[in-house]
There are 2 protein chains.
Amino acid sequence: MRRDIFQAIADPTRRAIIALIALQAMTPNAIAENFNTTRQAVSKHLRILTECELVKQESQGREIYYSLEIEKMKEIDKWLEQYRKIWETRFNQLDQVLSNLKKQNK
Amino acid sequence: MRRDIFQAIADPTRRAIIALIALQAMTPNAIAENFNTTRQAVSKHLRILTECELVKQESQGREIYYSLEIEKMKEIDKWLEQYRKIWETRFNQLDQVLSNLKKQNK
DNA sequence: TATTTGCGAAACCGAAAAGTTGCACATATA
DNA sequence: TATATGTGCAACTTTTCGGTTTCGCAAATA
């Protein structure tokens, strides 16, 4: 099952998990405590996140710590870049209009 | 059915539609020509995109032109901001490590 | 007016997703 | 060694999703 990062962040629970483990690694049980679902459901989400390399795991005895692979998040940023260019251009055009209006008033 | 912008961009066809109409407004038929599906399927995607205000429509006779609501894209950017902070911090920390190593070599 | 064209909406279908339950396995702990 | 704990995985169910087909409606055109 080939997962996509955009599909991965589509689910609100997964976005919440991402936010949770962004700053510190956590075990599935600890993560599940924050949600209204079973540990297995969280485990499934973690698997999906791991599959698309948004999350990495580190075993420590029988516990497994999950943490965010922050580098992967840049892919979204990269995709957004083309649109950022557009809104910045539009902003500059608006800026141009405003400054032209200013000149006319002088 | 309450739609979410993250769910909207999860589908690859919808991302392609977004890219298509980012620079110029297009009719459903014109959009559908670029894909291997029916116009109705595209129409469905456009409805979803419209529901979460990622796309706006403008009627002109019997044709309806769809264009990207670029402002809405900023929501993704805004969400990404918290993670951008993280990877920038990590980068600076790495930078710190590197410059410390440099000092030690002197 | 009759016909074509552009479109959305509803009904339906198959595939995929998200959740639950039950189980197996390894690692701790008594 | 027996038991408790942390975990992943597989089977199953329900819901959602993306697509097609069919239809109805309004605007353009003959």
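In what follows, chains are A, B, ... by sequence order, proteins preceding strands, each numbered from 1. The shown structure was predicted, so the numbers you read here are calculated from the model rather than taken from an experiment.
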Could you tell me which residues satisfy ring pair (Phe, Tyr, Trp, His ring centres under 6.0 Å) with A/Trp87, sequence neighbours excluded, listed by chain and number?
-> none
Could you note down all residue pairs passing salt bridge (Lys or Arg N to Asp or Glu O under 4.0 Å) where residues 26-46 of chain B supplies at least one of them, sequence neighbours left out?
-> none
Measure from CD on A/Gln7 to C1' on C/dA16 and round the result to the nearest Å.
-> 9 Å
Qualifying ring-ring contact (aromatic ring centres under 6.0 Å, His included) pairs, either residue in residues 48-82 of chain A, two or more places apart = A/Phe6-A/Trp79, A/Trp79-A/Tyr83
Which nucleotides of nucleotides 22-30 of chain C have their base under 4.0 Å from a protein heavy atom (B), which only their sugar-phosphate (S), and which neither (-), written as one string 5' to 3'?
-> B----BS--
Answer yes or no: does a side-chain N or O of A/His45 lie under 4.0 Å from OP1 or OP2 of C/dA17?
-> no
Give the table of side-chain donor-acceptor pairs shorter than 3.5 Å for residues 21-28 of chain B, with sequence neighbours excluded, one pair per line with atom names and distance.
| from | atom 1 | to | atom 2 | distance (Å) |
| --- | --- | --- | --- | --- |
| B/Thr27 | OG1 | B/Ala30 | N | 3.3 |

Which of residues 17-30 of chain B have a heavy atom under 4.0 Å from DNA chain C?
-> B/Thr27, B/Pro28, B/Asn29
Not counting sequence neighbours, list each pair that qualifies as a salt bridge (Lys or Arg N to Asp or Glu O under 4.0 Å) and has a residue in residues 14-27 of chain A.
-> A/Arg15-B/Asp4
List in chain and number order the residues that pass side-chain hydrogen bond (donor to acceptor under 3.5 Å, both in side chains) with A/Gln57, two or more places apart in sequence or in another chain; answer none if no residue qualifies.
-> none
Length of the line joining B/Glu58:CD and C/dG8:P, which is rounded to integer Å = 14 Å
Nucleotide D/dT5, atom P - distance to CD of A/Glu63 in whole Å | 13 Å
In short, the helix from C/dT1-D/dA30 to C/dA30-D/dT1 is bent end to end, axes from five pairs each side, to 10°, by 10°
At their closest point, which heavy atom of A/Cys52 faces which heavy atom of A/Ile5, and how far apart are they?
-> SG-CA, 4.4 Å
Exercise: identify the closest heavy-atom pair between B/Leu68 and B/Lys56 = O-NZ, 3.9 Å
side-chain contact (heavy atoms from CB on, under 4.5 Å) partners for A/Glu88, two or more places apart | A/Arg84
Please give, in whole Å, the distance from C/dT20 C1' to A/Phe35 CZ?
-> 18 Å
Only counting residues at least two apart or in another chain, list the ones meeting side-chain hydrogen bond (donor to acceptor under 3.5 Å, both in side chains) with B/Asn29.
-> none
Write down the distance between CD1 (A/Ile48) and P (D/dC9), rounded to a whole number of angstrom.
-> 12 Å
Can you check whether A/Arg3 has a side-chain N or O nearer than 4.0 Å to OP1 or OP2 of C/dA17?
-> yes
So, is A/Ser43 near the phosphate of D/dG8, with a side-chain N or O under 4.0 Å from OP1 or OP2?
-> yes
note: B/Asn36, atom CG; D/dG18, atom C1'; distance rounded to Å ~ 14 Å
Closest non-hydrogen atoms of B/Ile64 and B/Ser59, given as atom of the first, atom of the second and distance, are CG1-OG, 4.1 Å
Please list, chain by chain and in numerical order, all residues satisfying side-chain hydrogen bond (donor to acceptor under 3.5 Å, both in side chains) with B/Glu69, sequence neighbours excluded.
-> none
Between A/Lys44 (NZ) and D/dT15 (C1'), how many Å, whole number?
-> 12 Å
Any side-chain N or O of B/Thr37 under 4.0 Å from OP1/OP2 of D/dG19?
-> no
Can you check the A/Asp4 CG to C/dA17 P distance for me, whole Å?
-> 11 Å
